[in-house]
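Data first, discussion second: the structure below is written as C-alpha cells.
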Amino acid sequence: MAKLYACIISPDAAKNALVAVAQEFAHAIEVTDGGVLFDVSGLERLMGKPDRVAQKILDEMQKQRVAGSVAVAETVDTAMLLARQQNVQSASFSLSTPDLFEQLPLTDLNIERDTLNVFSELGLRNISDLLAVPHDELVSRYGREFTDVIDVLEQRGKSLITPNIKENRVAWSF
C-alpha cells in the first residue's frame, strides 16, 4: 500500500481551524506556514481513491467553514506544492496528476534565484521543462545538492511529516 499525504493551505484560516479539520482524518499532524500536513494513508480503503479522500477533506472544510485548498499526493513535497499552487489559483482541491504537477512553475521549488534566472534564460519555466534535461548534467552543473530537487521533480521526495501538535488522546471513527 502506498503512502498518501494531504495538505491544506489556507493563509486566512486560524491554525486551530485547520488542525480541527485535519484531526477528522489523522492523528499525526504538522502545522506549517499557512497550512497543515497529515498522513491519510489507509483512508483509501475506507473512502475510496485519493480524489474521494480529497473530496471528503474538502467537505469537512466546508462543514467547518474553513476556506483553502487541499491536495492529496503520494509524497509530502508534492502535496505541499500542489496545495500551495491551487491556493494561488483559488481552486478547491487537487490531486497529484502528472499533468498538473508537471505544469507547476520552477519558482515553487527550492532552487536558488541565480539558478532560476539561468533556467528562465534557457526557456525552462515549469517542472516538465526541467524533467526533460538529463539529470546527470544538472547534478554536474549545480552540485550534488541538486539531487534533492530532482527527487522532488520525480515525486520521490524524502520529506516526512513531523507532528508538532500535542495530543492528549487519540480517537477516530468513520
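The figures that follow rest on heavy atoms only: side chains count, while hydrogens, waters and symmetry mates do not.
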Point to revise | Donor-acceptor contact below 3.5 Å, side chain Thr75 vs main chain Arg156 | key: no

Review point. Is there side-chain contact between Leu18 and Ser10, with heavy atoms separated by less than 4.5 Å?
Key: yes

Exercise for review: List in chain and number order the residues that pass salt bridge (Lys or Arg N to Asp or Glu O under 4.0 Å) with Glu112, two or more places apart in sequence or in another chain; answer none if no residue qualifies.
Suggested key: none

Point to revise | Qualifying residues under salt bridge (Lys or Arg N to Asp or Glu O under 4.0 Å), relative to Asp77, sequence neighbours excluded | key: none

Practice item. Find out whether Arg113 and Leu116 are in side-chain contact, i.e. whether some heavy atom of one side chain is under 4.5 Å from a heavy atom of the other. Key: yes

Check your understanding: Got a donor-acceptor contact below 3.5 angstrom from the Thr115 side chain to the Ile111 backbone?
Key -> no

**Study point:** For Asp129, all residues meeting side chain to side chain donor-acceptor pair (under 3.5 Å), sequence neighbours excluded
**Key:** none

Exercise for review: Taking all non-hydrogen atoms of both residues into account, name the closest pair between Ala83 and Ser69 and its distance.
Suggested key: O-OG, 2.7 Å

Check your understanding: Taking only residues two or more places apart in sequence or in another chain, which ones pass side chain to side chain contact (heavy atoms under 4.5 Å, CB included) with Leu122?
Key -> Val118, Leu124

Check your understanding: Is there a side-chain contact between Pro105 and Arg125, using heavy atoms and a 4.5 Å cut-off?
Key -> no

Check your understanding: Does CG belonging to Asn110 count more than 12 external heavy atoms closer than 6.0 Å?
Key -> no

**Study point:** Contacts of Arg141 that satisfy salt bridge (Lys or Arg N to Asp or Glu O under 4.0 Å) - sequence neighbours left out
**Key:** none

Practice item. Give every residue pair that meets the ring pair (Phe, Tyr, Trp, His ring centres under 6.0 Å) criterion with at least one member in residues 36-66, sequence neighbours excluded. Key: none

Check your understanding: Which residues satisfy the side chain to side chain contact (heavy atoms under 4.5 Å, CB included) test with Ser128, sequence neighbours excluded?
Key -> Glu102, Gln103, Asn126

**Study point:** Nearest atoms (heavy-atom pairs only) where Ala79 meets Ala73
**Key:** N-CB, 3.6 Å

**Study point:** Any side-chain heavy-atom pair of Cys7 and Val70 under 4.5 Å
**Key:** no

Review point. Who passes side chain to side chain contact (heavy atoms under 4.5 Å, CB included) against Val76, sequence neighbours left out?
Key: Tyr5, Leu37, Met80, Ser159, Ile161

Check your understanding: Between Leu81 and Val152, is any pair of side-chain heavy atoms under 4.5 Å apart?
Key -> yes

Practice item. Can you see which heavy atom on Val19 is nearest to which on Val31, and at what distance? Key: CG2-CG2, 3.8 Å

Exercise for review: Take Asp108 and Ile127, measure what side-chain contact (heavy atoms from CB on, under 4.5 Å) needs, and give me the verdict at the end.
Suggested key: CA-CA 10 Å; Asp108 289 355; Ile127 288 175; over 6 Å; no

**Study point:** With Thr147 via side chain to side chain contact (heavy atoms under 4.5 Å, CB included) - residues at least two apart
**Key:** Val139, Arg144

Check your understanding: Going from OG1 on Thr32 to NZ on Lys15, what distance comes out if it is rounded to the nearest 0.5 angstrom?
Key -> 11.5 Å

Exercise for review: Taking the side chain as every heavy atom from C-beta outward, state whether Val72 and Leu82 have any pair of such atoms under 4.5 Å apart.
Suggested key: no

Exercise for review: Kindly compute the distance separating NZ (Lys56) from CZ (Arg52), expressed to the nearest 0.5 Å.
Suggested key: 4.5 Å

**Study point:** By side chain to side chain donor-acceptor pair (under 3.5 Å) - contacts of Asp59 (at least two apart)
**Key:** Gln55

Check your understanding: Taking only residues at least two apart or on different chains, which pairs with a member in residues 103-141 satisfy ring pair (Phe, Tyr, Trp, His ring centres under 6.0 Å)?
Key -> Phe119-Tyr142

Study note, to complete from the structure: Residues passing the side chain to side chain donor-acceptor pair (under 3.5 Å) test with Glu30, sequence neighbours excluded, are none

Point to revise | Pairing of Asp39 and Lys3 as salt bridge, 4.0 angstrom limit | key: yes

Review point. Any side-chain heavy atom of Val21 sitting closer than 4.5 Å to one from Lys63?
Key: no

**Study point:** Flag if over 12 foreign heavy atoms under 6.0 Å of CG, Asn117
**Key:** yes

